[in-house]
Structure formats: structure tokens, C-alpha cells
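Here the structure comes first, spelled out in C-alpha cells, and everything after it is commentary.
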Amino acid sequence: QMELAESGGGSVQPGGSLRLGCTEVSGNRFSISAMGWYRQTSGQERELVATNGTGGRTYYAEPVRGRFTISRDNDKRTAYLQMDSLRLEDTAVYYCNARKTDSWNTLSGYWGQGTQVTVSS
């Protein structure tokens, strides 16, 4: 009922920046969905990075606080993750997620396909 397409991943040097996008390409749920970004490294569990509820409330995991910014454009049906001051440990596959409520204790909702972010010297 909802398809999300991600973009913006790539390879950067430490200290660089990337902006990820997550666009609803099928369905009509974006404006009523809470949006979030997760990341996952090989052998590790999927980690919540940032969230943005329909009312504008945001959350950032401590490792990215002050460096990443989550935003959304309902007209474009797109969520963004601006990543600045990237570090080696930010390397991961990043997944966007949309769900009905601004509650992030479970792996639920709709998922983007994942986009690789690699930070290396």
C-alpha cells in the first residue's frame, strides 16, 4: 500500500556530507505517516537513527545528534536525512521507514530499499 524509494547514498571522505531522500512513489500515506531513518552494518542489528512525526517532533540517536538533520516535504512526499561531518562509523546501509504512529519501539511499517553510505579516507 506504500512504496518508498531511497536516493542519495554514496562514498565520501570523513567530514563530508550527504543528503538522503526517501520518496513515496506508490500509495498515498506519506502525509499521515511518521517517517524515520535506520541504518544497519553487516552483522549488526538495525539501528534507529532519526525520526520525524507528522506533528514535527524529531528524535536523533546520540551518535548522530548535532550532525544529522531529518526533515520532510509533504508536497513532494519526501523525507530527507542531511548528514554532515560524517565519520567512519557512519558507514552503513540506510533505510527509511514510514509508519502510522510516531512510535519507534518495533520494526514495523513500510521500508525503503536501502542505500549504502560509505565513509572512508
Side-chain angles (χ1 to χ4, degrees):
Q1 298 179 21
M2 187 179 191
E3 184 178 358
L4 301 172
E6 298 183 32
S7 63
S11 181
V12 298
Q13 294 184 225
S17 297
L18 287 172
R19 188 178 74 161
L20 307 182
C22 176
T23 300
E24 183 188 39
V25 296
S26 179
N28 192 29
R29 295 174 175 264
F30 184 88
S31 64
I32 61 173
S33 297
M35 301 298 299
W37 290 91
Y38 289 78
R39 65 186 182 186
Q40 187 170 26
T41 303
S42 296
Q44 304 295 317
E45 65 181 355
R46 194 163 295 188
E47 173 190 28
L48 183 64
V49 175
T51 66
N52 183 285
T54 57
R57 184 172 63 181
T58 59
Y59 161 83
Y60 297 94
E62 191 278 333
V64 310
R65 199 165 297 162
R67 300 186 298 116
F68 291 10
T69 303
I70 187 172
S71 62
R72 64 190 295 153
D73 187 329
N74 286 339
D75 290 335
K76 296 181 179 179
R77 299 193 297 173
T78 299
Y80 302 95
L81 186 68
Q82 178 68 43
M83 304 183 293
D84 298 319
S85 301
L86 283 163
R87 304 169 180 171
L88 298 179
E89 55 265 37
D90 294 319
T91 296
V93 178
Y94 284 71
Y95 298 89
C96 69
N97 177 273
R99 59 185 64 186
K100 183 178 181 180
T101 61
D102 190 18
S103 181
W104 301 89
N105 295 322
T106 62
L107 296 178
S108 62
Y110 300 92
W111 295 91
Q113 81 278 14
T115 185
Q116 177 70 48
V117 171
T118 301
V119 185
S120 62
S121 301

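- Scanning for side chain to side chain donor-acceptor pair (under 3.5 Å) contacts around Ser17 gives Asp84, with sequence neighbours left out.
- Scored by the side-chain contact (heavy atoms from CB on, under 4.5 Å) test, Thr106 finds Arg99, Ser108 as partners (sequence neighbours excluded).
- Evaluation of the side chain to side chain donor-acceptor pair (under 3.5 Å) rule for Asn74 yields Arg72 as partners, not counting sequence neighbours.
- Every side-chain contact (heavy atoms from CB on, under 4.5 Å) that Arg87 has, sequence neighbours left out, goes to Arg67, Glu89, Asp90.
- Within the 4.5 Å cutoff, no side-chain heavy atoms of Glu47 are placed close to those of Val64.
- Following chains of ILVMFWY side-chain contacts shorter than 4.5 Å, one can reach Leu88 starting from Leu81, so the two form part of one hydrophobic cluster.
- The hydrophobic cluster containing Tyr80, built from Ile/Leu/Val/Met/Phe/Trp/Tyr side-chain heavy atoms closer than 4.5 Å, comprises no other residue.
- Remark: Glu3 engages no residue in a side chain to side chain donor-acceptor pair (under 3.5 Å) (not counting sequence neighbours).
- Taking Gln1 as the reference, Arg29 meet the side chain to side chain donor-acceptor pair (under 3.5 Å) condition, with sequence neighbours excluded.
- Connectivity analysis of hydrophobic side chains (ILVMFWY, heavy atoms under 4.5 Å, direct or indirect) links Met35 to Met2, Leu4, Phe30, Tyr110.
- Counting only residues at least two apart or on different chains, the disulfide bond (SG atoms under 2.5 Å apart) pairs with a member in residues 49-121 are Cys22-Cys96.
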Name the atoms and distances for all side-chain donor-acceptor pairs under 3.5 Å in residues 114-121, with sequence neighbours left out.
unit_1	atom_1	unit_2	atom_2	d
Thr115	OG1	Gly9	N	3.3
Gln116	NE2	Ala92	O	3.4
Gln116	NE2	Thr118	OG1	3.3

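- Alongside Tyr59, the hydrophobic cluster contains Tyr38, Leu48, Val93, Tyr95, Trp104, Leu107, Trp111 (criterion: ILVMFWY side chains under 4.5 Å).
- The shortest heavy-atom contact between Gly27 and Arg77 is O-NH1, 2.9 Å.
- The two residues Leu86 and Met83 make their nearest non-hydrogen contact at CD2-CB, 3.8 Å.
- At distances below 3.5 Å, at least one donor-acceptor pair connects side-chain atoms of Thr78 with backbone N or O atoms of Lys76.
- At most 12 non-hydrogen atoms from other residues, nucleotides or ligands lie less than 6.0 angstrom from CZ of Arg57.
- Between Ser31 and Thr54, the shortest heavy-atom distance links the atoms O-CG2, 3.7 Å.
- Between Leu18 and Phe68 there is no side-chain heavy-atom pair separated by less than 4.5 Å.
- Partners of Thr58 under the side-chain contact (heavy atoms from CB on, under 4.5 Å) rule, at least two apart in sequence or in another chain, are Asn52, Tyr60, Ile70.
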